[in-house]
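These values consider heavy atoms only, across backbone and side chains, with no hydrogens, waters or symmetry-generated copies. Position 1 is the first residue of the sequence; numbering continues from there.
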Amino acid sequence: KLNSPASQRLADYLQRSFLLMAAAAQAKRIMWYTVAGAHDSYSIWSFPNPRPAVATYANLAYLLSDAQRDVQELNLGSLVKSTLFQKKNSSMAVLWCPGRQELELSINTEENLEILDSMGNKLPFNYKIKLSESPVL
């Protein structure tokens with residue numbers, strides 16, 4: 001189904017793969033596709049409708065369009081994967097929890113900060129961010 005938990009897991013997996021590729025200066029292309037029999041078993045489309053992976057890819061491509069390839073990994077403990085991308089006039093941190101875990105991260109800042117979910121929707125700013133396998137930007 002288009003918005004099923006399986007479709008969201010696929011979107012999370014593809015988005016994390018895209019982010020890891022973007023963080024590796026040596027990587028030039030990432031491809032992920034499976035054909036089983038005569039049809040797509042894990043397609044990012046269910047014609048004519050896109051699945052969540054299409055929105056996450058489009059969102060990341062837009063947000064990373066002017067990011068530098070020289071990235072920095074932030075150390076937020078073993079339960080959080082975090083990468084900092086420097087951009088022309090700003091920076092963007094991407095955070096998620098590997099291994100199907102969930103936790104809250106407290107942020108203590110007075111700087112101008114926007115928090116986006118994996119689909120590019122703005123989340124209300126409070127000082128606690130819920131992290132899961134879905135990257136938060």
Side-chain polar contacts of residues 129-137 - donor-acceptor pairs under 3.5 angstrom, sequence neighbours left out - could you list them?
from: S132; atom 1: OG; to: S134; atom 2: N; distance (Å): 3.2
from: E133; atom 1: OE2; to: R100; atom 2: N; distance (Å): 3.4
from: S134; atom 1: OG; to: D12; atom 2: OD1; distance (Å): 2.8
from: S134; atom 1: OG; to: D12; atom 2: OD2; distance (Å): 3.0

Show me, pair by pair, the donor-acceptor contacts under 3.5 angstrom made by side chains of residues 74-93, not counting sequence neighbours?
from: N75; atom 1: OD1; to: G77; atom 2: N; distance (Å): 3.2
from: K81; atom 1: NZ; to: E73; atom 2: OE2; distance (Å): 3.4
from: K87; atom 1: NZ; to: L63; atom 2: O; distance (Å): 2.6
from: K87; atom 1: NZ; to: D66; atom 2: OD1; distance (Å): 3.4

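- The shortest heavy-atom contact between L60 and Q15 is CD1-CG, 2.9 Å.
- Using a 4.5 Å cut-off between side-chain heavy atoms of Ile, Leu, Val, Met, Phe, Trp and Tyr, with links allowed through other members, L123 and L113 fall into the same hydrophobic cluster.
- Scored by the side-chain hydrogen bond (donor to acceptor under 3.5 Å, both in side chains) test, E104 finds no partners at all (sequence neighbours excluded).
- Applying the side-chain hydrogen bond (donor to acceptor under 3.5 Å, both in side chains) rule to N121 yields the partners D117; only residues at least two apart in sequence or on another chain are considered.
- Linking Ile, Leu, Val, Met, Phe, Trp and Tyr whenever their side-chain heavy atoms come within less than 4.5 Å puts L20 and V94 in one cluster.
- L64 approaches F18 most closely through the heavy-atom pair CD1-CE2, 3.7 Å.
- Between M21 and R16, the closest side-chain pair of non-hydrogen atoms is not below 4.5 Å.
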